Each structure stands twice: as structure tokens, then as C-alpha cells.
Number of protein chains: 2
Amino acid sequence: MTSTDPAPRPPVRPTRQRRAVAAALAGFDDFRSAQEIHDLISRQGESVGLATVYRTLATLAEAGEVDMLRNEDGEAIWRSCSDTHHHHLVCRTCGATVEVEGPAVERWTNAIATEHGYADISHTLEIFGTCPACR
Amino acid sequence: MTSTDPAPRPPVRPTRQRRAVAAALAGFDDFRSAQEIHDLISRQGESVGLATVYRTLATLAEAGEVDMLRNEDGEAIWRSCSDTHHHHLVCRTCGATVEVEGPAVERWTNAIATEHGYADISHTLEIFGTCPACR
DNA sequence: CGGTGGTTTGACAATCGTTCTCACCAACTC
DNA sequence: GAGTTGGTGAGAACGATTGTCAAACCACCG
């Protein structure tokens with residue numbers, strides 16, 4: 001690691017493509033795969049390369065503007081989210097999602113990890129069930 | 001669903017290959033990918049096809065004898081497990097794993113889900129961090 | 001304006017984990 | 001020992017994701 005490494009964070013330009021992805025994300029509130037988002041954009045008349053969709057989603061996820069998680073097949077799925085830390089209650093059938101917060105869980109995971117000497121903690125917690133409408 | 005559906009569970013034969021996979025699983029206590037397990041078996045002199053390793057792991061996971069979860073890249077990773085419900089504290093660097101239990105978390109997820117009218121609840125919770133040895 | 005250097009993009013190839021296919025093998029039944 | 005059924009292996013196929021690289025774009029400068 002060189003000492004001359006001033007974190008050269010490149011500026012993020014609001015290009016047409018990035019705006020299209022953001023617009024698509026604003027159009028639904030469940031989790032969608034990158035390919036579904038790509039289709040959605042196409043269907044709206046815009047044309048954005050699939051690779052660009054992936055790149056943009058990755059950038060947004062890193063910036064904390066979208067949530068990314070994995071469905072049971074291991075595919076990445078995304079949706080825009082509020083900016084506070086939270087988890088999801090997801091309908092197994094229709095995908096309807098509720099954001100939930102659980103300060104107690106945060107405290108518990110940190111306590112457990114510290115107790116075992118683990119540092120630099122992160123965690124994943126997703127709840128799956130069948131929503132009232134799907135029952 | 002026909003009423004004449006006596007769950008035609010095929011018998012699981014203890015073949016040489018399945019024994020080899022089980023033996024490999026007994027040889028480590030962190031999470032490993034299918035390919036790593038396959039390599040492990042080869043290195044022990046046995047020869048088992050990769051597809052068979054996948055098939056066997058899937059069967060064992062369904063039977064509840066191994067845990068399967070996904071690392072951050074979406075790859076499936078496995079390890080043998082105790083038979084009670086539990087979660088994992090996994091080292092991001094070396095994979096060292098601690099099984100943890102959290103009755104409070106179980107109660108919390110059920111409460112939250114019920115509150116929102118969701119039924120038939122399941123959840124995933126994994127904690128990642130850096131273990132003492134890797135710091 | 002016209003150049004200039006860095007960023008972004010898109011088409012497509014490449015990767016890589018996982019599953020499928022299918023011919024063959026092994027165990028069990030009659 | 002012939003038939004039946006499940007299990008296996010090699011390799012092809014698949015599908016999500018990432019890499020490549022030349023062309024397009026943009027902000028800025030003179």
C-alpha cells in the first residue's frame with residue numbers, strides 16, 4: 001500500500017443510462033433481478049446495455065441507495081430502499097415486501113460477535129412468509 | 001394434490017460416493033463450496049464425479065443433515081450441522097464458523113411477521129465478521 | 001470552437017457455478 | 001439371470017455475471 005493513495009474517488013455523472021435505471025427502480029417496490037430491470041427499461045423505450053445496468057446497480061448498492069439480496073437460487077435481486085439500516089419481510093408468493101427495523105437484533109448480533117472475538121461485523125437477515133393477500 | 005399421494009420417497013442407498021461425501025464433510029467444520037469438497041475427496045484418493053457431489057449435497061441439505069448458505073458472491077457453501085435451528089457467525093477471511101442460537105431473534109421475527117399478517121414464516125440470518133485469528 | 005484526457009458505454013466474448021443428458025452400472029426382486 | 005429402478009460420470013448445456021476494448025461522451029482549457 002503506497003502512502004500516496006488519496007482515495008481517487010471518481011465523480012459519478014448522471015448520464016442518461018443511470019437516470020433510466022433510477023427511473024426503473026422507482027417504478028416498483030418489490031425485488032427484481034438485473035435482467036428484469038433491463039427489460040423494464042427497454043419496454044419504456046430507453047435502450048441501456050445489460051452490462052451498464054449491472055454496473056449501475058452495483059454502484060447504487062455501494063452507495064447504499066438500493067438493497068441487493070439473493071433469492072433462493074442465488075440470483076441477485078434489487079430494489080430501491082430507505083437510507084436507514086433495515087431488513088425485509090418478503091412474501092414468498094408475490095414478492096410483496098415490507099421494510100422492518102429491529103434495533104434489538106442489531107444489538108444482539110454485535111454482542112454475539114464481540115463475545116466470540118469477531119470484529120468488523122455485518123449481517124444479513126431476511127424474513128420470508130406468505131402475505132395476507134396470498135393466503 | 002391427489003389424495004393418493006403417499007410421498008413416494010425413494011430409498012437413499014449408502015453408496016461408496018455418498019459415503020465419501022459424508023466423510024469429507026466430517027473432515028472440516030467451516031463452510032466449503034461444492035468444488036472444494038470435490039477436490040477434498042479427490043485428494044483423499046477417492047473418485048466421485050462433481051455432479052454426484054452436487055446431487056448428494058442437495059439430498060443431505062434436504063434431509064437437514066447439512067447447512068447450505070450463500071456467500072457474498074452467491075455461491076452455495078455447505079457444512080454438516082447440528083440438528084437444532086441455529087445461525088452462523090462466519091469469518092469473512094478464513095471461513096471459521098461458530099453456530100449461534102438466538103431465541104429472542106426467533107421470537108422477534110415471528111412477532112414482526114404476524115403483526116404484518118404474514119403466515120408460514122421462515123428466515124435467514126447470518127453474521128459475518130473477522131475472527132480473532134485473522135485480525 | 002477544436003483539442004484533450006478521463007469516464008462511460010455497448011456489443012460481445014469469457015467465466016464459472018450449477019444443472020441436464022444419457023449411456024452405462026449396481027443392487028434388489030422374482 | 002432377466003427385468004426394474006435408482007445411482008453415477010463425463011461432458012454438454014445453461015444462465016447469471018463480469019471482462020474486454022474500441023468508440024462515444026463530457027467537462028474543461030485555451
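In what follows, chains carry the letters A, B, and so on, assigned in the order in which the sequence lines appear, proteins first and then strands, with residues in each chain numbered from 1. Just so it is clear, the structure is predicted and the values come from calculations on it, not from any experiment.
As a whole-Å value, the separation of A/Asn71 CG from C/dG17 C1' is 15 Å. Atom CZ of B/Arg18 and atom C1' of D/dG9 are 14 Å apart (whole Å). One can place CG of B/Leu57 at 12 Å from P of D/dT8, the figure rounded to the nearest angstrom. Straight-line distance from the CG atom of A/Asp73 to the P atom of C/dC20: 11 Å, rounded to whole Å. If you measure from atom CG of B/Leu60 to atom P of D/dG7, you get 13 Å, rounded to the nearest angstrom.
Salt bridge B/Glu99/B/Arg79: present, at least one basic N to carboxylate O contact under 4.0 Å.
Counting side-chain heavy-atom gaps under 4.5 Å among Ile, Leu, Val, Met, Phe, Trp and Tyr, the cluster of A/Trp108 also holds A/Leu89, A/Val98, A/Val100, A/Val105, A/Ile112, A/Tyr118, A/Ile121, A/Leu125, A/Ile127, B/Leu89, B/Val98, B/Val100, B/Val105, B/Trp108, B/Ile112, B/Tyr118, B/Ile121, B/Leu125, B/Ile127. Other members of the hydrophobic cluster containing A/Leu69, listed by chain and number, are A/Phe31, A/Ile77; membership follows side-chain contacts under 4.5 Å among ILVMFWY residues, whether direct or relayed.
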Compile the donor-acceptor pairs under 3.5 Å between side chains in residues 38-48 of chain B and protein atoms, sequence neighbours left out, one pair per line.
from	atom 1	to	atom 2	distance (Å)
B/His38	NE2	B/Val48	O	3.0
B/Ser42	OG	B/His38	O	3.1
B/Glu46	OE1	B/Arg16	NH1	3.0

Identify each atom pair where a protein N or O and an N or O of nucleotides 16-22 of chain D are less than 3.5 Å apart, giving names and distance.
from	atom 1	to	atom 2	distance (Å)
D/dA16	OP2	A/Gln35	NE2	3.4
D/dT17	OP1	A/Ala76	N	2.8
D/dT17	OP2	A/Tyr54	OH	2.5
D/dT17	O5'	A/Tyr54	OH	3.4

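For the pair A/Ala76 and A/Met68, the tightest heavy-atom approach, listed with the atom from each and the gap, is CB-SD, 4.0 Å.
Checked against a 6.0 Å centroid threshold, the rings of B/His123 and B/His87 count as neighbours.
When side chains are defined from C-beta on, A/His88 counts as touching A/Asp67, because their heavy atoms get closer than 4.5 Å.
To the nearest 0.5 Å, atom OG1 of residue B/Thr97 and atom CD of residue B/Glu126 are 9.5 Å apart.
For A/Thr15 and D/dC25, the shortest distance from a side-chain N or O to OP1 or OP2 is not below 4.0 Å. One finds a side-chain N or O of B/Thr52 lying less than 4.0 angstrom from the OP1 or OP2 phosphate oxygen of D/dG9. For the pair A/Gln17 and D/dC25, the criterion of a side-chain N or O lying under 4.0 Å from OP1 or OP2 is not met.
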**Prompt:** Once each nucleotide of nucleotides 24-30 of chain C is scored for protein heavy atoms under 4.0 Å, what B/S/- sequence comes out, 5' to 3'?
**Reply:** ---S---
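Applying the salt bridge (charged side-chain N to carboxylate O under 4.0 Å, His left out) rule to pairs touching residues 48-61 of chain B yields nothing, sequence neighbours excluded.
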